Peer 1: 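What follows is a structure written as C-alpha cells; I'll ask about it next.
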Amino acid sequence: VKTLIANRLRQQGAANEPGIKIVEPQSSSENTVLFDESYLSRLRQLVLLSRRSILQGIAGEHRSKRRGSSPEFSDFKSYSPGDDFRRIDWNIYGRLDEVFVRMSEISTELTVHILLDTSESMNWRGIDGLPTKSMFARRLTGSLGYVSLWHFDRILVTPFSEQLSPTFGPVQGRSNIAPLLRYLTALPASGRTALPDSISRYASLRRQPGVLYVISDLLSGTPEDLELALQNLRSRGWDTTVVHVIDPEELDPRFMLRNNQSSRTVSIELVENESGEQLRITPNEALISDYQELIHQWIRELEQICASENAEYVRLQTDWSFESLVLSRLYEAGVVR
Amino acid sequence: MSGFELLAPLGIIAIISLPVIFLFHMKHSTPVRREVPTLRFWKQVAPVQSEDSRFRIPPLSLTLLLQLLAAAALAFGLAQPVIAGSLGGLTSRAAPVHLTVMIDGSTSMASIDTDDGRSRFESARRDALDNLDGLRQGDLATVIVLGTQNTTINATNTGEFKSMRDQLTSMPQPGGIIDLNAAFELVTDLSVPGMNEQISLFSDGAVSADPAVVQALPGTLTWNQYGRASSPNLAITEIIPKSKLGETNSLEIYLQIANFSANPVETVLVVQADGVEVDRQPMTVEPGHPADVTVRGLAISTRKVVAEVQSQDPLFIDNQATVVFTANGGADLSILLVSDLPGASQRALASIPNTTVETIGSAEFHDRSVPINPFDLIVFDGVLPPEGRVPNRPVLFIDPPRGGILPDGGMITIPSIDSIRADDPIMANVDLNGVTIQETPLFEMDAESVPVVASAEGPLIFRGIAPESGAPMVVVAFDLADSNLPNRIAFPILMANIVTNLSPSALPLTVPLGEPLSFSPRNQTASVEITDPLLNTTTFRVQASPADSASAVPGPDSPSVVTYTSTGTAGVYSVTEFDQSGSQLAVSQFSVNAGHPVESQLVANQELQSVLATQTAGSSGILGSRINELWPVLLVLALGLLIIEWLWSTVTMRPSRARSSSDLPEMT
C-alpha cells in the first residue's frame, strides 16, 4: 500500500522520495518538513473517532450504529412488535425460552470538517526555532486529513480569518492526500479573526452535520461568543472538537519580555500583530503572575464551555513534538484511536 | 606637581564618547517593541501608562556612571596630559624626548664662585651630565656648548649618549662671548616635530636674550643659573702696544683696567717685560670708570709684556694680560718690486724691518724669468701687469699707467687732499699735511674699493680687490716722483703700514679669549702648528705654492686661511709654519687675554629671568625638571572602571534558563 501511494504521489509531482515529504515554501522563514515517512507511518495507524452516530454513506471503514441486514453480526435484542420475524434467533428461544432478534452491522464512512484559523494572530511565535501557531495548525490539519483520507473518509478543510475562505474538498480517497498537503503548505495567514461568526456561518452552510475540528488560537471573541457558536453546533448535531493551539510564550511570557542583552527590566511596548494596537508595560514578577493567572483562567473557562456544549477541548502547544506529545494528546482526548 | 599641560589637546575630542554612551543608554532604556498575538490579557493586568515619548533620559545607574567615568578617563588620556614631577612612580615619562642642553662656555663662566669650589662652567657641565642621565632609547639629545663659536653634539641612541657624555666631559671651556639669541635660533632650527622638546640652559645669566627669539623656542625651557648674585671683579680689558713717533728705540703699552663692582677697588699694577718687572704702581679703580694706564720706556726689542693687577676676585684669568711682539715670526717678508725706475719706493720698502726686497724691471716680469710664488707681496711702481698676468698675491700699485687693467676716467689736475680715512690701518701715524701731488690719473673704483686718501675729483690712495686675482690691493694713484711725499717722514710710515696691511702673515698680537683666530700663512707654508698655553698642539694642512712656479695666474693655489678656534685658554700661543719638506719657516706668537668689557662683568643680567619667563608663558610649558605623562594612570583607571562595570553587569544579570519540555505546562 505504501509503495502504491508513493507511486501515485510521485506521478502527481507531490513527492520525490519513497515517503511523502511536503516542505514549506522557500519563502518561509524556515525550511521545515511538514511530514516525513516515519510520521506518516504513525498516522496510518490512527483512525479518527466520532463520539456520536453521525456516520453516513455505505462505503466507509467505520462501524455504523445503524443495524441492518448485513451478514456481519453485531448484537441481540429482545423482540418487539414490528421486528423482522426473519431475524428471530430460534436457537436462543429454544434454550432460553425468550425471543431475541439478531442485529447485524453496517460499515459506513465519516465526513470530517476542519475549520482552520488562518488569521494574523496565528502567524506568531514567541521564540525563534519554534513553529508559528499557523504552521503548527496546518501540520495538525494535514495530520488529521491524512488519517481521514487514508481510511477513505470524506474531508473538508475551510480556512477562516474574518470570513470563511473557499473550502478544500470535499475530497475522499488516498489520492487526495498530496493535494491536501500541498494546499495546506501554501496556505497563508493574514487578517483578523472572527471565530464565533465563522463557526456559526459554517454550521449554517452545511446541511449534514459531521465531525468538526476547529483548530484555532481562540483569540477572537469572548468565551460567551464561543459558547453560543458551540451551542449552535451541538443543536445541529455536530461532533465538535476544539483544538486550541497555543504558543508556550503565551503561557509564560518571561522569556519573551526579557531583554536580550541583560536581565534588566525595561519597559516594553507590546504591539498586537493583528490590529497594530500598542501597549507599554514594565514587566515584573507580579505582572507576569497576574497574566498567567488570567490566561489559565481563560483556558479553564474554555474547557468548561466546551464540556458544557459537549465539545471536546484539546490544547496543543507549538513546542510539543508531533510524533509523541501531539498524537498522544489526541489519543487521550479520543480524537483518534 | 608644579605644572600641568596637554601634549595633544585635540585628543580631548574623544570626550564626545560621553554623550554617545549617554545616547546609547537612552536608547537602551527606550521600550523595546514586542509583537504579541493579542493584548487582551495584558490590558487587564497592566496599569495604564502615560503616553510620553519613547526616548527618555536614562536613570543614573552604576553601569552608566562607570562607563562615563571610563570614557572620560580614556579621552583625557588621549590628550596626553603631563605633569611636572611624578605621582609615586605611577606616571610615565613623556616619550620620546628631544633634550637640548645649552652650556654657557663664555669667559665669565670661568669664575670660581660656586659653593663646591668649582668654576661655573665645571658646575654647569656636571649638572648637564646629570641632566643627560635621564635619556633613554628613542630619545634625542643635542648638547650645545656656547662660546664665541658654538660646539654642537648630537646623539640618537644609547651608544651615542655615552659618547656624547665623554665628549662633554673632556671638552675645554671655549670662552669668549656667547650669542644667546643665535643659540636659541639654532635650537629652534634643530627642533624635531612631534617630539617632546625640552631645553635646558646652564648659564650664569651674564648675557642678554631677545624676548621674541625666546618665545619662538619650540619646547619647555629650564634655566639653571650659576654664580653669586654679587661677584666683584677687576680686569685688564685692554692691552695695546704703541710706538711713539720719532722714538724708534722705545715702546709704550696702553692698559685699561676696569672695576666690575659697586665699590672702588685699590690694587697694584705690575708690568713685566721679558720676565723683568718694569713697572709697579698702586691705583684705585672706580666702578664704572676704567683706569687708563700707559707704560712707557719699554725697549723696542721687547718680545713679551705681561701686565697684572693684584686682586682676589672670582675670575682671576682676566687679572693678567699679555702681549708678544713676534708677529712676523722672525722670518723676512719677501717683496718683489717691479719697476723700471725704482727710487723712493725701493728705499722705503727696504727700510722696513724683517723685509727683503727684490727689484726687477717690467721686461723681466713680462718674460716670466722671475718666479712669482716665493714672494709675499708684489709692488708695481709705474708698471701694470698685462691682462692675464695679474699676480695671485697681494699687490701694491704705485703710479699705475692709464689704459691698463685699472680702468680710469681721465686725469686730475693739481689734486688737493680733501679727505683722509683716518681710521684706516694704513693711515696710522701718517701725517699728510703739506703733501703736494701733481697731475694724477682718475681711476674708477669698483664697489669693493675704499678710498683712503681722496681729492674732490677722485681717489688718490685707495684699497680694494685686484682685478683677475681677487687678491687685496692698495693703489697709490699718483707719481711719487712728482710729489713731496717721499721726502716726508710720513712716507716710510705709510709704506710700512701698507706692507704690514697687505702682509699675508698678519697675525694679531692679541686675541680675546674664545675669539677665533684667522690668518693667512706664508706662500711656502704647507702646514701650521699652533700650540696653546697648555701645550696642546693643533696642526693645519694648508695648500702651499710650488717655490719654482712662475705662474701668476690665479688658480687653485690660492692662499689658504687658517682659522683657529681653540682660544679658550688665556696665555701665549705659538704658531709654527712648515714648508712641504717639513722645514720650519717661521715661528710666531700671539697672546689670548681674558679681560673683556662685557665678559668680565660677572653679575647676571637682571632682565634675563623675565625674558626667559616669556617663553614659559608663551608656550604654557612646564619650567622645571622632567615631565611625566599621566596616560598610564588614566588607562589603568579606565580598565579598572570597565572591570567593575563588567562585574556589576555579571552579578546583576540573571542566568538564562534553557527551555526544555519540563517547562511545559501540565497537559491537563
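We use all heavy atoms of the structure for the numbers below, so side chains are in, but hydrogens, waters and symmetry mates are not. Sequence lines set the chain letters: A, B, ... in the order given, protein chains first and strands last, and positions in each chain run from 1. Only a predicted model underlies this, so the values are computations on that prediction, with no experimental measurement involved.
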Peer 1: For Val45(B) versus Leu287(A), what's the shortest heavy-atom pair and its separation?
Peer 2: O-CD1, 3.2 Å

Peer 1: When rounded to the nearest 0.5 angstrom, what distance separates CD in Glu35(B) from CG in Leu270(A)?
Peer 2: 10.5 Å

Peer 1: Of all the heavy-atom pairs spanning Val271(A) and Arg33(B), show the shortest one and how long it is.
Peer 2: CG2-NH1, 3.9 Å

Peer 1: If we define contacts as heavy-atom pairs under 4.5 Å, which of Ala286(A), Gly221(A), Ser119(A) has the most with chain B?
Peer 2: Gly221(A)

Peer 1: Mind ranking Glu277(A), Met122(A), Glu293(A) by heavy-atom pairs under 4.5 Å with chain B and telling me who comes out on top?
Peer 2: Glu277(A)

Peer 1: Between atom CD1 of Ile295(A) and atom CD of Gln44(B), what is the distance when rounded to the nearest 0.5 Å?
Peer 2: 10.5 Å

Peer 1: Minimum heavy-atom separation for Leu218(A) to Arg40(B), with atom names?
Peer 2: O-NH1, 4.2 Å

Peer 1: Let's test your reading of the structure: which of Asn273(A), Asp290(A), Leu316(A) forms the most heavy-atom pairs below 4.5 Å with chain B?
Peer 2: Asn273(A)

Peer 1: Checking heavy atoms, do the side chain of Ser220(A), its backbone, both or neither come under 4.5 Å from chain B?
Peer 2: backbone

Peer 1: Taking the six-membered ring for Trp, are Tyr291(A) and Trp42(B) parallel (under 30°), tilted (30 to 60°) or perpendicular (over 60°)?
Peer 2: parallel

Peer 1: For the atom pair NZ (Lys43(B)) and CG (Leu294(A)), what is the distance rounded to the nearest 0.5 Å?
Peer 2: 13.0 Å

Peer 1: Does any backbone or side-chain atom of Glu250(A) lie under 4.5 Å from a heavy atom of chain B? Answer side chain, backbone, both or neither.
Peer 2: side chain

